[in-house]
Amino acid sequence: MGLSRLVFHVDVNSAFLSWSSVDMLKKDPAAEDLRLIPSAVGGDPKTRTGIVLAKSVPARKFGVKTGEPLAQALHKCPQLKVISPDFRIYSRSSAAMMTMLAEYAPVVEKFSIDEAFLDMTGTGRLYPDPVALAHEMKDRIHRELGFTVNIGISSNKLLAKMASDFEKPDKVHTLFPEEIPDKMWNLPVGDLLYVGHHSVEKLRRMDIQTIGQLAHTPESVLKNVFGMKQAHQMHNYANGIDDSPVGEEDVVNKGYGNSITLPCDLVRAQDAYPVLLALADSVGSRLRADGMSASSITVTIKDNTFHTVSHQLTLSQSTDGTDVIYRNAVRLFDQLWDGRTPIRLLGVSAGKAVQEEYYQYTLFDEEARQKARSLDQMVDSIRNRYGSDALKRASLLHAEQTKRIGRKHRKEPQEGEN
């Protein structure tokens with residue numbers, strides 16, 4: 001007889017806002033804690049453009065919502081303190097948490113930048129009380145890293161994630177199969193993992209309002225509306241059935257790559273470009289730190305139905321330059337995205353990395369390359385000395401320039417595209 005499975009799901013509370021606040025407080029202990037005042041992360045505070053990526057609990061009381069235009073949020077709450085996102089801070093904070101979690105779990109699956117599944121199966125002798133261990137883990141994260149998490153505990157990934165979404169923040173919850181009737185079946189059907197807005201509307205038309213009602217609806221009835229595959233998954237999930245393994249599945253982030261699961265779906269290209277820039281900046285800085293250059297760029301998009309697509313192109317010369325990586329990432333994104341489907345995840349990676357660099361530029365190309373390289377090195381040096389947000393590439397974030405880059409590259413033919 002096999003071991004009973006034991007799975008933890010760790011979820012950072014208001015990740016982007018918390019990580020930004022922790023970073024600010026480290027630099028200035030007298031600074032306001034963003035988590036305690038009406039505040040939000042997203043867009044450009046000066047131009048009031050972009051969307052809200054994260055908000056504080058006090059901001060939520062004013063009706064500020066994740067994903068709404070920043071101008072609308074400021075209209076609801078004029079005193080809202082808004083800061084721009086810094087994905088380098090978020091990547092660093094996420095990595096620190098993942099490293100800490102790996103001290104406890106045999107297998108850690110990074111589900112997104114602020115979430116992880118831990119397979120704790122077979123650790124009973126080391127940790128006889130899973131709930132006590134979860135409290136120890138969350139308290140240590142708070143104590144050493146400065147932010148809070150929720151931890152859900154169960155026998156599979158689905159139920160562990162559902163449990164971590166219960167009361168927040170800084171909580172530990174269990175949701176084992178025997179607890180499903182009391183803790184899960186009375187929840188609105190929209191709270192079930194992977195049941196989106198359109199599915200909820202269809203279920204409501206079938207007079208299915210709760211997860212329990214969905215669990216007790218014959219799968220054959222659901223198939224008539226949703227099709228065989230979706231009906232089977234929804235019925236299983238409503239009954240707490242999930243056999244998916246915990247594993248290191250972050251393919252996009254392997255090697256010289258970075259990806260981010262966004263706190264709200266993006267529906268406009270101009271909101272995606274700054275994210276691509278931040279990812280390209282991260283990839284480029286890692287290449288330069290290792291003395292490597294890459295000759296292929298890949299962009300990955302996951303939509304709100306968890307469908308993933310990716311596109312790759314091969315460069316004629318290898319590079320470690322942020323600007324080159326970003327411009328080609330924009331080019332790939334513009335070709336890959338249909339302009340309508342909401343975006344849940346964006347990833348940028350650089351492949352075919354080598355130690356040596358081979359260039360066949362003209363004299364003028366070489367001069368431009370050296371200027372760009374000097375800029376990258378200056379940025380890296382200042383950030384290494386003064387912190388990741390000491391210098392930002394504001395010119396590339398300007399809305400008109402990103403639009404111009406997008407228009408330009410939609411017209412250009414691809415170079416060695418795969």
Side-chain angles (χ1 to χ4, degrees), residues 2-13 101 105-123 130-131 133-134 137-138 149-168 171-200 202-203 208-219 222-223 226-250 261 263 302-308 344-345:
L3 291 173
S4 298
R5 295 183 70 199
L6 182 63
V7 178
F8 285 14
H9 179 256
V10 182
D11 187 9
V12 181
N13 301 134
L101 296 178
V107 180
V108 176
E109 177 187 331
K110 182 179 177 182
F111 186 63
S112 69
I113 194 170
D114 61 341
E115 296 178 78
F117 287 104
L118 281 59
D119 191 342
M120 304 302 296
T121 305
T123 62
V131 174
L133 172 63
M137 291 166 61
K138 81 169 184 63
V149 301
N150 263 38
I151 300 182
I153 306 173
S154 189
S155 56
N156 62 41
K157 292 167 66 174
L158 165 75
L159 295 178
K161 181 166 173 56
M162 291 289 295
S164 70
D165 284 335
F166 291 161
E167 183 190 1
K168 297 181 178 182
K171 302 290 185 181
V172 172
H173 299 285
T174 63
L175 181 56
F176 289 102
E178 60 271 20
E179 298 177 292
I180 289 175
D182 291 333
K183 291 187 176 183
M184 191 173 84
W185 277 351
N186 63 328
L187 296 176
V189 71
D191 287 357
L192 185 63
L193 192 63
Y194 301 142
V195 174
H197 173 73
H198 295 298
S199 296
V200 169
K202 291 180 181 180
L203 289 167
I208 298 175
Q209 306 290 335
T210 68
I211 297 176
Q213 289 174 323
L214 177 60
H216 291 92
T217 300
E219 194 171 323
L222 297 172
K223 287 179 182 178
F226 296 98
M228 182 178 299
K229 183 177 180 181
Q230 186 179 0
H232 182 68
Q233 180 184 25
M234 289 171 57
H235 193 263
N236 274 354
Y237 280 8
N239 284 281
I241 300 171
D242 174 29
D243 296 326
S244 59
V246 176
E248 297 172 311
E249 299 174 351
D250 189 8
T261 299
K302 181 184 291 185
D303 64 28
N304 64 340
T305 65
F306 295 89
H307 175 65
T308 302
R344 178 68 53 87
L345 172 146

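This one's a predicted model, so the numbers in the text were calculated from it and none came from an experiment.
- Of all the heavy atoms in Leu159 and Phe176, the pair that sits closest is CD1-C, 4.5 Å.
- When all heavy atoms of Val246 and Glu109 are compared, the closest pair comes out as CA-OE1, 3.6 Å.
- Between Val149 and Asp11, the closest side-chain pair of non-hydrogen atoms is not below 4.5 Å.
- Within the structure, the salt bridge (charged side-chain N to carboxylate O under 4.0 Å, His left out) test picks out the following pairs touching residues 177-193 (sequence neighbours left out): Glu179-Lys183.
- With hydrogens and angles ignored, the 3.5 Å screen pairs no side-chain donor or acceptor of Trp185 with any backbone N or O of Asn239.
- Ion pairing between Arg5 and Asp119 fails under the 4.0 Å rule for side-chain N and carboxylate O.
- With values rounded to the nearest 0.5 angstrom, Thr121 atom OG1 is found 10.5 Å from Leu118 atom CG.
- In this structure a side-chain-to-backbone donor-acceptor pair under 3.5 Å is present from Lys157 to Pro245.
- Checking side-chain atoms of Asn150 against main-chain N and O of Lys171 turns up a donor-acceptor pair under 3.5 Å.
- In terms of heavy atoms, Ile211 sits closest to Pro188 at CG1-O, 3.6 Å.
- Met162 has its side chain within reach of Met184: a pair of non-hydrogen atoms, C-beta onward, lies under 4.5 Å apart.
- Within the model, atoms CG of Asn236 and CG of Leu158 stand 9.5 Å from one another, a figure rounded to the nearest 0.5 Å.
- Using cut-offs of 30° and 60° on the angle between ring planes, the pair Tyr194 and Tyr237 is tilted.
- Summarising the geometry of Met120 relative to Ala105, their closest heavy-atom pair is SD-CB, 3.5 Å, with the distance given to 0.1 Å.
- Defined by atom type and a distance below 3.5 Å, a donor-acceptor pair is present between the side-chain atoms of Ser112 and Asp114.
- Met234 has its side chain within reach of Leu203: a pair of non-hydrogen atoms, C-beta onward, lies under 4.5 Å apart.
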Requested in this report: Might you work through the side chain to side chain contact (heavy atoms under 4.5 Å, CB included) test for Phe8 and Val172, ending with a clear yes or no?
Outcome: CA-CA 10 Å; Phe8 285 14; Val172 172; over 6 Å; no

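- Contact annotation: the side chain of His173 never approaches that of Ile153 to less than 4.5 Å [non-hydrogen atoms, C-beta and beyond].
- Taking CG from Asn156 and NZ from Lys161, the interatomic distance works out to 13.0 Å, rounded to the nearest 0.5 Å.
- Considering CG of Leu214 and CG of Leu222, their distance stands at 6.0 Å, rounded to 0.5 Å.
- Side-chain N or O atoms of Ser164 include none that pairs as donor or acceptor with a backbone N or O of Val10 at under 3.5 Å.
- Listed by first and then second residue, the salt bridge (charged side-chain N to carboxylate O under 4.0 Å, His left out) pairs involving residues 228-247 amount to none (not counting sequence neighbours).
- The distance from atom CG of Asp165 to atom CG of Leu192, rounded to the nearest 0.5 Å, is 11.0 Å.
- A donor-acceptor pair under 3.5 Å links the side-chain atoms of His216 to the main chain of Gly212, judged by distance alone.
- Checked by atom type and distance alone, the side chain of Gln213 pairs as donor or acceptor with a backbone atom of Thr210 at under 3.5 Å.
- Side-chain atoms of His9 and Glu115 include a donor-acceptor pair closer than 3.5 Å.
- The two residues Asp303 and Arg344 come nearest to each other via the heavy atoms O-CB, 3.5 Å.
- Between Leu193 atom CG and Gln233 atom CD the span is 8.0 Å, to the nearest 0.5 Å.
- Ser4 has its side chain out of reach of Ser155: every pair of non-hydrogen atoms, C-beta onward, lies at least 4.5 Å apart.
- In this structure, Thr123 and Leu133 have side chains that are not in contact, with every pair of non-hydrogen atoms separated by 4.5 Å or more.
- For the ring pair (Phe, Tyr, Trp, His ring centres under 6.0 Å) test, residues two or more places apart in sequence or in another chain that qualify with Phe111 are Phe117.
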